[in-house]
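Okay, structure first, notes after.
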There are 2 protein chains.
Amino acid sequence: MSVTIKDVAKAAGVSTATVSRVLNNSKLISPQTAEKVRNAMRELGYFPNNIARSFAYQNTCIIALVVDIEEPTAFNNPYFYQIQYGIEKYICPKGYYLMIANENTLNHSGTGFSQLVFEKRVDGLILPVSLLNKHLVKKMEDQNFPFVIIGEPENGYDTNWVDVNNKMAGEISTTHLIENQFQRIAFVSGSQKDLFNKRRLEGYLTALAKHGLSPDPDLIKEGAFSKEDGYALMSEFMGRQNPPDAVVFTDNLVAFGALSAAKAYGRRIPDEIGIVSFDNFPVAELSEPPITTVDIDLINLGIQAASMLLQEIQLPSTTKQQSLLSVRLIKRGTSERARREQPAPWERS
Amino acid sequence: MSVTIKDVAKAAGVSTATVSRVLNNSKLISPQTAEKVRNAMRELGYFPNNIARSFAYQNTCIIALVVDIEEPTAFNNPYFYQIQYGIEKYICPKGYYLMIANENTLNHSGTGFSQLVFEKRVDGLILPVSLLNKHLVKKMEDQNFPFVIIGEPENGYDTNWVDVNNKMAGEISTTHLIENQFQRIAFVSGSQKDLFNKRRLEGYLTALAKHGLSPDPDLIKEGAFSKEDGYALMSEFMGRQNPPDAVVFTDNLVAFGALSAAKAYGRRIPDEIGIVSFDNFPVAELSEPPITTVDIDLINLGIQAASMLLQEIQLPSTTKQQSLLSVRLIKRGTSERARREQPAPWERS
DNA sequence: CAAGGTAATGTAACCGGTTGCATAAAAAGT
DNA sequence: ACTTTTTATGCAACCGGTTACATTACCTTG
């Protein structure tokens with residue numbers, strides 16, 4: 001059907017072994033022979049059949065990113081896809097390809113993504129911590145199958161993983177508010193069952209402690225996910241006797257809803273109420289005023305995960321690696337009080 | 001190393017051919033033998049080696065989505081990724097896998113994505129029209145390599161392609177404004193070098209013509225891409241003697257910038273100026289007022305492309321298919337004048 | 001009961017590369 | 001000039017499935 005190594009060998013008057021060696025730039029080949037073979041390849045329009053190559057080497061040079069995205073909207077998808085881009089960017093120049101495996105669509109056909117492992121379709125796996133389970137980890141470790149987890153796992157897993165430094169994120173956002181003379185800072189997160197939310201809360205508490213502020217349980221809320229949750233929560237805060245003067249939200253949309261509520265109630269921002277959010281999502285930059293957020297470099301997260309995985313593939317080791325990535329704060333209008341609005345030291349209560 | 005078909009054959013006391021037949025559910029196998037073989041597989045923990053299978057069949061059951069995304073921001077990535085999701089959703093239940101090939105990262109290693117074709121790494125390709133060129137098409141057609149283009153190509157290409165109905169998008173958005181009693185409707189697009197922008201303009205002109213309105217060249221602008229472009233353009237419009245009373249923007253961010261400008265100049269929206277945009281992007285829903293947009297179902301676009309490609313892979317044909325997808329308008333606050341605000345027929349000029 | 005047909009299984013070639021080992025030719029050492 | 005080493009190439013097995021063809025056993029049917 002198409003041109004094979006045999007055709008090239010015949011045309012060049014050498015053995016298939018020699019052609020193969022030319023393909024792989026073996027230095028055992030004399031320049032003249034190499035030249036001859038290369039000419040034959042060019043004339044015949046030869047391309048090595050990658051499937052055969054994979055078969056001989058027993059690897060595919062493909063790694064899979066497993067995701068568990070339900071029907072994506074423009075809202076919920078940027079996260080994985082930036083990670084995806086980072087992975088791609090790292091592995092492609094190294095001759096690897098990226099396969100996407102959505103656990104939700106894959107599951108329809110039975111075994112889910114573990115099929116990829118057992119059938120040797122891919123050389124390694126990057127998967128979110130949400131898909132981790134003991135059973136699977138054991139299987140993969142029994143096979144010495146390389147994999148990297150995105151997101152810090154709960155205690156009891158000794159695996160390769162990468163995550164952003166969520167504690168640091170909680171800490172710098174809170175510290176920033178403290179430095180802008182906010183006093184009663186609330187903290188609103190998603191579910192505290194998720195380790196990353198626990199870490200963010202830890203950071204918040206650490207920042208308070210470092211500045212001699214004691215946490216108020218009434219100011220710590222969990223379970224906010226939507227614009228509407230944010231609106232409701234902020235309304236509730238503002239109806240209180242002793243409301244917070246600033247809020248850290250771990251979700252951008254929640255912060256957006258809260259901002260609307262604060263504006264609807266006529267609060268001046270950031271003078272009367274400060275807001276810091278997480279994940280530098282488009283709306284954060286476009287809202288009025290633009291929202292201060294912790295910027296999480298997900299492209300870099302992908303790069304780190306990919307780098308760790310390729311290392312594991314190329315020289316497997318028994319010691320596992322972990323990597324925590326720094327985050328940075330993007331200061332915008334919802335938190336930075338103008339200098340003149342800060343009380344001078346002697347004016348403070 | 002791992003369990004192969006030979007091990008299973010030996011354990012079950014049959015030949016490898018028999019095991020292979022059991023694997024493929026051949027009906028030539030007696031139930032007792034099948035049972036025996038399946039037991040052996042279970043006991044040994046056998047999984048077929050997919051690389052070997054691919055080698056025998058000379059296919060990979062992988063299709064590639066080629067993209068040409070530069071460093072993605074949360075702004076620019078939703079488009080491809082919704083298409084990606086659609087493809088995935090369609091192909092996974094059918095036993096195919098999705099590979100992502102970013103032309104930009106791939107190119108670092110030389111030949112770019114055409115490598116995928118010649119090395120037989122994938123069974124088919126879905127690629128954006130922006131990456132199309134005659135040279136490539138000829139090569140792929142010479143090899144009978146299945147591929148589908150996303151986006152209508154310029155004249156002169158007879159290939160499989162899918163696209164959203166851009167003309168319809170231009171038409172329904174304009175018609176909607178006309179039906180809301182807007183009279184001087186401007187049209188602002190990206191570059192008219194892009195066919196999809198030409199089609200959108202066609203739709204706009206068609207809608208005007210159908211309602212007996214004649215186009216005014218001063219109201220047709222091209223080359224707007226950013227929030228800032230939108231702001232500048234809207235400012236310019238509002239400074240005119242005879243400004244438009246509504247604008248169709250083919251880009252959401254441009255519309256967002258324009259909206260800010262209109263608000264900054266104190267115009268009431270939609271009473272004094274109407275705005276319709278394209279692509280139902282997050283900011284469209286969250287802005288004040290929320291922006292009316294044409295909703296483009298990119299997930300469905302992916303599904304259609306994937307469906308066309310698998311069909312081509314499974315039974316290659318020489319006749320090419322094209323598919324144009326409908327769009328729908330999401331009516332929001334920037335265009336819908338309240339009934340009472342519309343002039344009654346006898347009040348019109 | 002022999003001939004013909006069918007169902008179940010085995011044998012071995014094949015898919016297209018890679019690579020250990022053998023070998024031949026050239027270069028170096030004594 | 002003769003052995004030893006180095007360099008270049010070929011032979012053939014191998015990776016793990018699939019499948020055309022051969023073979024055997026059993027089942028019909030005249």
Side-chain angles (χ1 to χ4, degrees), chain A residues 1-41 44-62 95 115 117-123 143, chain B residues 1-41 44-62 95 115 117-123 143:
Chain A
M1 188 180 83
S2 55
V3 184
T4 73
I5 203 171
K6 276 182 197 153
D7 303 318
V8 176
K10 194 181 291 175
V14 297
S15 72
T16 61
T18 300
V19 178
S20 174
R21 288 186 185 110
V22 173
L23 273 178
N24 294 292
N25 298 312
S26 161
K27 43 193 170 314
L28 286 175
I29 297 291
S30 75
Q32 304 90 301
T33 310
E35 179 65 14
K36 215 165 46 176
V37 171
R38 268 187 247 277
N39 284 338
M41 286 179 181
L44 297 172
Y46 169 77
F47 270 85
N49 180 321
N50 197 272
I51 304 176
R53 233 174 185 174
S54 278
F55 183 48
Y57 288 129
Q58 285 297 305
N59 68 18
T60 57
C61 286
I62 298 176
Q115 216 174 10
V117 177
F118 301 122
E119 293 192 345
K120 305 205 191 317
R121 275 183 181 275
V122 298
D123 294 354
Q143 304 223 349
Chain B
M1 188 180 84
S2 54
V3 184
T4 72
I5 202 171
K6 276 184 197 152
D7 303 319
V8 176
K10 195 181 291 172
V14 297
S15 70
T16 61
T18 301
V19 178
S20 174
R21 286 186 188 111
V22 173
L23 273 178
N24 295 291
N25 297 313
S26 161
K27 44 193 169 312
L28 285 174
I29 296 292
S30 75
Q32 304 90 300
T33 310
E35 179 63 14
K36 215 165 47 178
V37 171
R38 268 186 248 277
N39 284 337
M41 286 179 181
L44 296 172
Y46 169 78
F47 270 87
N49 180 321
N50 197 272
I51 304 176
R53 230 171 188 178
S54 277
F55 184 48
Y57 287 129
Q58 286 296 306
N59 69 18
T60 57
C61 286
I62 297 174
Q115 218 173 9
V117 177
F118 302 122
E119 293 191 347
K120 306 206 193 315
R121 274 185 180 275
V122 297
D123 294 353
Q143 305 224 348

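Bear in mind the structure is a predicted one, so any value in this text is a computation, not a measurement. Scope of the values below: all heavy atoms of this structure, side chains included, with no hydrogens, waters or symmetry mates. The chains referred to below are lettered A, B, ... by the order of the sequence lines, with proteins before strands, and numbering in each begins at 1.
Regarding A:Glu119, its CD atom lies at a distance of 13 Å from the C1' atom of D:dG16, rounded to whole Å. One can place NZ of B:Lys120 at 11 Å from C1' of C:dG16, the figure rounded to the nearest angstrom. For the pair A:Met41 CE and C:dG16 P, the computed distance is 15 Å after rounding to whole Å. Regarding A:Gln58, its CD atom lies at a distance of 14 Å from the P atom of C:dT18, rounded to whole Å. In this structure, the CD1 atom of B:Ile5 is 8 Å from the C1' atom of D:dT18, given to the nearest Å. Here the P atom of nucleotide C:dG16 and the CG atom of A:Leu23 are 14 Å apart, to the nearest Å. The nearest whole Å value for the distance from the NZ atom in A:Lys27 to the P atom in C:dT19 is 13 Å. Rounded to an integer number of Å, the gap from NZ of A:Lys6 to P of C:dT18 is 14 Å.
At least one side-chain heavy atom of B:Lys120 sits under 4.5 Å from a side-chain heavy atom of A:Ser2. Within the 4.5 Å cutoff, the side chain of B:Asn49 has no heavy atoms near those of the A:Phe55 side chain.
Of the listed nucleotides (C:dG10, C:dG17, D:dG17), C:dG10 has the atom at the smallest distance from the side chain of B:Val14. For B:Phe55, whose side chain is taken as the heavy atoms from C-beta onward, the closest listed nucleotide among D:dC11, D:dG16, C:dT11 is D:dG16. Out of D:dG17, C:dG16, C:dT11, the shortest distance to the side chain of B:Ala17 is found at C:dT11. Comparing atom distances between the A:Thr33 side chain and each of D:dA8, C:dA8, D:dG10 picks out D:dA8 as nearest. Looking at the side chain of A:Thr16, the nearest of the listed nucleotides D:dA12, C:dT11, C:dT9 is D:dA12.
No contact: B:Val19 has no heavy atom under 4.0 Å from any strand. B:Leu28 comes within 4.0 angstrom of a nucleotide base, judged by non-hydrogen atoms across all strands. Contacts of B:Ile51 with the nucleic acid, taken as non-hydrogen atoms under 4.0 Å apart, are absent.
Distance CG/B:Leu23 to CD1/B:Ile5: 5.5 Å, rounded to 0.5 Å. Atom OG1 of residue B:Thr16 and atom NZ of residue B:Lys10 lie 12.0 Å apart, to the nearest 0.5 angstrom.
The phosphate of D:dC14 has neither OP1 nor OP2 within less than 4.0 Å of any side-chain N or O from A:Tyr57. Within the structure, a side-chain polar atom (N or O) of B:Asn24 is placed less than 4.0 Å from OP1 or OP2 of D:dT18. Residue A:Ser20 places at least one side-chain N or O under 4.0 Å from the OP1 or OP2 atom of C:dT18. OP1 and OP2 of C:dC15 both lie 4.0 Å or more from every side-chain N or O belonging to A:Thr4. The side chain of A:Thr18 places an N or O atom within less than 4.0 Å of a non-bridging phosphate oxygen (OP1 or OP2) of D:dG10. Close to C:dT9, at under 4.0 Å from its OP1 or OP2, lies a side-chain N or O of B:Ser30.
In terms of position along DNA chain C, the nucleotide closest to B:Gly13 lies nearer the 5' end than the nucleotide closest to the other residue of the pair A:Pro48 and B:Gly13.
Checked by distance alone, B:Arg21 brings no side-chain donor or acceptor within 3.5 Å of a matching partner on the base of D:dG17.
Residue A:Thr18 comes nearest to A:Thr33 through the heavy atom pair CG2-CG2, 3.7 Å, listed as atom of the first residue, atom of the second, then distance.
Among the candidates B:Ser20, B:Pro48, B:Cys61, the single residue satisfying the side chain to side chain contact (heavy atoms under 4.5 Å, CB included) test with B:Arg53 is B:Pro48.
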